[in-house]
Structures are given as C-alpha cells and as structure tokens.
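Presented below is the structure to which this report refers.
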Amino acid sequence: MPEPLKYNKKFDELTEEEKKLFEINKKTIADFVEQSSSISDVDYATRNAHAKTYAAADGTFFTDKHIPEELLPFFDVEKFDLTVRLSNANLKIQNSEKDIPAYGFAVKIKDEKGGLIANFPLVNFPLFPTNSVSHFLKLFTAVNRFYIKKWSSFFSLATQMLKVIPSVCTLSFARNILKLLGKRNDFILSFDYHSVGAYRLGDHMIKIKLVPKSVDKNFGKKLKMKEALKHYFQDHDYNADVLIQFCYNLKEQPINKLNVEWKNSPYIKIGEVKINKGQLLDPRDCTTELLSFNPFESKIFFQPVGKIQKLRDEAYKVSVQTRRKINKLLHKHQ
C-alpha cells in the first residue's frame, strides 16, 4: 500500500467570510439552547443537535490482536473504557411514536484513570449534505432561527435548503438515501455508524466505521426506542467491529468533500466495542445530559480534520457552555 497522506492544518483553515458567518451562527446556537426547554417542552436545556437521548451506557473497546504494527503506539493496551450516548439527530425532542431514523452513536474513550483520550460522535448516515462551509453555516443559522422565530423565518430556511440540493445530487448520496429508507424501521443498534468527516491518527488522516455483529434489526419494533434499548440491554450484549480507512490521496479520499464516500482505501479492523447487558446508565441522572462529546477535547493526535469539522469546535463549546449554565440554574431551583 502507498504511504498515507500527512495531516496539514491547511485542511482546516476558514476564509474571512466563513469566520464572519460562523460568529453569526454561534449567536443563534446560544439563542436556540437558551430557548430549547420551551422548544422541546422539557424541564432542561437541550443540545442544539442530537437533542434526544435514547440511552447512555458504559462499554469497553478491545484492541484487535492482529492490529497492524504501525498502529500499536495508539492502541498500546488491551482495552479502553468507554461511555456511549445513543441519540436522535433532531434539534427538537419529539414525543411521537416514530422518530426520523437519523441516529447518533457518540463514543467517549477513556484511559485507566478515567481521563479523556478521545470523543467520536458517529452517525448512521456516512455523508454530509454540503461541502460548502458558507452554505452550511447559512442553513444551520436559518434552522436555528426557524425553531426560535417559527414561520417568520420560513422563507430564509426554504431558500437555504434549495441551495443545498445540488450537493446531494451525487450517486453516493442517492445510494445511501435509498439504503436508509430501506432500513428506516430497523432497530437503532443494527445500523452501521460513521465518522462522516476525517480524524487525525497521529500524522495521518482516517475515517471510522462501526459495524454491529448479530443485532436483530426487528428487535423492539412495537416499542418506543428508549424502551426498546432498555429491554435489549436487559438480556443482550452489544458487539461491533471498529474499522478505519486511511487517506492516501485527495482525489479518491477527499477531506473537504463530505458528500461522497472514500474509494480505494481498504477498511482495517482495529478493535471491537462491547456494551454488556445491564450497563445502561441511569436516565434520571442529570450528569448524563451534561456529558459532552466534543471531538476537539480529544488528545491532539485524534482530533477532527477539515473545514466543516473545524466548525464543531466552537459550536460544541457554545452549546455546552450555554446548556450547562442553564441546567445548573434550573437544578438549583428544583
């Protein structure tokens, strides 16, 4: 195999216009989180994406015994402790029987002392709807304003959504949309989960994929997702392979083109994730809702790569700081 490409900070650099749009966006994130308890009709401030927590659990990452020798410096022990959060991507917490099948599988990897090694927010759709940072920021700002101001900002939201349409007209995107529609009623743990954007692995760049083993896609079909997960972990363990792809060249494995899949980069198994039955965390514990999975809190050699990934850094910080401030105030008055 050829030598993987090395990380360069130029992959992350935003233009001046993008930085200005991001400042506007951060203000709407804070405004959304401040009003999120009324938007979702709950008694706490929610995240501004993946607001609905289905479950959180403790788990373990087991390093593969046949991991390539050059990766051993990053996986130098047999196992790592994990905290996992399963969620729905919607900004608003819905109490409907069926949620849209857009799920999150966020993973927090810890060392033997409980210190953070890395956060990896994974999702069940491998692509992103736009490669343009400015289009994404304008769309995300419009979405936040729509939830806050409702119909007075509908025209702005519709305009930004129309601008994204050309980016989703790729074979990769169409193929994955059809695949998702075919699995729309499947159990959350039966999906593959993806990093979407790239991450550093030392000096190189990778994408991550989580592939479950022996999960019945029809499990808990008559139950709401929270109840289905509760029942699943009463009697079942969850096991999944962790696979990575390396970036070798930008034509076939683009860093800032997130609406297509990487080609000609073989998957390498680096380990397995296991969540034992009975490992769900108490859903009534407010510390679960205060958990942060900001990938920029990871150690430097596991951090995200790319312009749209770079937006996550400040966006997560604004969201978490606002959420924690409000939830601590609410908690004091309860």
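Throughout, numbering of the chain's residues begins at 1 and tracks the sequence.
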Is the count of non-hydrogen atoms from other residues, nucleotides or ligands lying under 6.0 Å from [X] atom [atom1] greater than 12?
X	atom1	answer
D76	CG	yes
K221	NZ	yes
K230	NZ	no
L171	CG	no
K110	NZ	yes

Please check this pair: side chain of [X] against backbone of [Y], looking for a donor-acceptor N/O pair closer than 3.5 Å.
X	Y	answer
T130	S132	yes
W262	K207	no
D111	G114	yes
R323	V320	no
T28	N25	yes

Say you draw a straight line from [atom1] of [X] to [atom2] of [Y]; how long is it, rounded to the nearest 0.5 Å?
X	Y	atom1	atom2	value
S134	L14	OG	CG	10.5 Å
F62	I270	CZ	CD1	14.5 Å
N119	K108	CG	NZ	4.0 Å
N124	I188	CG	CD1	7.5 Å
K226	D99	NZ	CG	10.0 Å
I208	L243	CD1	CG	10.5 Å

Is the closest basic N to carboxylate O distance between [X] and [Y] below 4.0 Å?
X	Y	result
K26	E314	yes
D241	K269	yes
E16	K19	yes
R175	E261	yes
E78	K65	no

Distance flag, aromatic centroids of Y238 and F105, threshold under 6.0 Å: yes

F120 ring center within less than 6.0 Å of Y199 ring center: yes

Report yes if the side chains of [X] and [Y] come closer than 4.5 Å at any heavy-atom pair, otherwise no.
X	Y	answer
V168	N259	no
S87	K52	no
K213	E272	yes
D237	I275	no
N256	N131	no
E13	K10	yes
I67	L72	yes
E297	S292	yes

Test side chain to side chain contact (heavy atoms under 4.5 Å, CB included) applied to F246 and I268, step by step: CA-CA 9 Å; F246 277 98; I268 300 167; 3.9 Å; yes

Would you call the rings of [X] and [Y] parallel, tilted or perpendicular, where under 30° means parallel and over 60° means perpendicular?
X	Y	answer
F61	F80	tilted
F140	F136	parallel
Y232	H236	parallel

Donor + acceptor pair across side chains of [X], [Y] (<3.5 Å):
X	Y	answer
N88	Y54	yes
N276	Q279	no
R85	T53	yes

Option passing side chain to side chain contact (heavy atoms under 4.5 Å, CB included) with V33 (candidates I39, N144, T322, V318):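 Passing option: T322.
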
Distance-minimising heavy-atom pair for Y248 and P266: CE1-CD, 4.5 Å

Within 45° cone and under 6.0 Å: K307 NZ/CZ vs F11 ring: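 Judged by the rule, K307 and F11 form no cation-pi pair.
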
Residue pair Y103, F191: steps toward the ring pair (Phe, Tyr, Trp, His ring centres under 6.0 Å) verdict: CA-CA 9 Å; Y103 303 129; F191 284 86; 5.5 Å; yes

